[in-house]
2 protein chains.
Amino acid sequence: MTGDSSYKDKKVITIGTVCELTGLSERQIRYYEERQLIFPERSKGKNRKYSFNDIETLMKIANLIEDGVQTYEIRQEMKREKQDAERAAREEMRQGQINARFGIQNNTHRYKR
Amino acid sequence: MTGDSSYKDKKVITIGTVCELTGLSERQIRYYEERQLIFPERSKGKNRKYSFNDIETLMKIANLIEDGVQTYEIRQEMKREKQDAERAAREEMRQGQINARFGIQNNTHRYKR
DNA sequence: CGTGTAAGGAATTCTGACACG
DNA sequence: CGTGTAAGGAATTCTGACACG
């Protein structure tokens, strides 16, 4: 529930395919990387690899740019979102530990008195 | 429920990446295509594009080949599986139509008498 | 600031074929 | 039958830079 781990995050798509999927030019995609909005991986041959998640991010970026939002602002916004997500993750984790102790007790550690 | 439509079936991965993901050689992957075991799409430049689903199929194929199963037999088996799936889909569809008529009735079409 | 483009090189992929077994 | 390989070409991708605005 907290981490797809599935296909969505696997960096396997080359830039040409990303162009087709997003309608953006290579130049644009590379520029958004330069501005720290996306973070493709690199294969041996130095080729960029993107995930489906990256593609979704790119579509959002494209919309914002069209609306006149600057890359710097987009970056700030994304940073904020990431922090919120982390906060939520930490909170969930904390709840999980509380449940482990009180909620879903396991009977194996009872003192025999 | 009957058709992911999601990332798993999108043909976006180039053969080099498929090699990395499956551990197979380009030669092997192309040969399995020649034997009609997988069906990549082609991009403008004639480059093959595979889906995550194709990759899973390739892993299964690799195992079977290792076990000495011939491509022809694998093909027969896959054909059979596909037909089973289609049969199941038809059956589900039929049930859906029955439900539409009797199960989940909508009240909008009552005669006023 | 965001994007287009020409430039030259490097890595990727393609096809058809010969080889072994 | 399944796979490796050398061959030559075509398409892809990369980087750094100049340009416009």
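These numbers were taken from a predicted model, which means no experiment stands behind them. Just so we're on the same page: letters track the sequence lines, and every chain starts at 1.
Residues F52(A) and Y7(B) place their aromatic rings such that the two centres sit under 6.0 Å apart.
Between R30(A) and E34(A), none of the side-chain N atoms (NZ, or NE/NH1/NH2) sits under 4.0 Å from a carboxylate O, so this pair counts as no salt bridge. Look at E91(A) and R94(A) and you find a salt bridge, because one of the NZ, NE, NH1 or NH2 atoms lies within 4.0 Å of a carboxylate O, short of that distance.
Considering only heavy atoms from C-beta on, K8(A) comes within 4.5 Å of E56(A) through its side chain. Using a 4.5 Å heavy-atom threshold, the side chains of N47(A) and R42(A) count as separate. Two residues are said to be in side-chain contact when any heavy atoms from C-beta on lie closer than 4.5 Å; V18(B) and L21(B) fail this criterion.
For I29(A) and dG2(C), the CD1 to C1' distance is 14 Å, given to the nearest whole Å. Protein atom CD1 of I65(A) is 12 Å distant from nucleotide atom P of dG4(C), rounded to whole Å. For the pair I61(A) CD1 and dT3(C) P, the computed distance is 10 Å after rounding to whole Å. Taking atom CD on E33(B) and atom P on dG2(D), their separation rounds to 15 Å, with Å as the unit. If you take CZ of R42(B) and P of dC14(C), they are 6 Å apart, rounded to a whole angstrom. The interatomic distance linking L37(B) (CG) with dT3(D) (P) rounds to 11 Å, in whole Å. Computed from coordinates, the E34(A) CD to dT3(C) C1' distance equals 11 Å when rounded to whole Å.
OP1 or OP2 of dG2(C) lies within a sub-4.0 Å distance of a side-chain N or O belonging to Y31(A). Between dG2(D) and Y32(B), no contact under 4.0 Å exists linking OP1 or OP2 to a side-chain N or O.
Interatomic distance, Y31(A) OH to S25(A) OG, rounded to the nearest 0.5 Å: 12.0 Å.
Atom CZ of F39(A) is surrounded by more than 12 heavy atoms from other residues, nucleotides or ligands within 6.0 Å.
Of the residues K60(B), R48(B), K49(B), K11(B), the one that meets the salt bridge (Lys or Arg N to Asp or Glu O under 4.0 Å) test with D54(B) is K11(B).
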(message) I need a per-nucleotide contact map over nucleotides 5-13 of chain C, read 5' to 3'. Cutoff is protein heavy atoms under 4.0 Å; write B for the base, S for backbone only, - otherwise.
(response) B-----SSS
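Helical stems involving DNA chain D, defined as 3 or more consecutive Watson-Crick or G-U pairs under 3.5 Å, span C:2-5 with D:17-20, C:17-20 with D:2-5.
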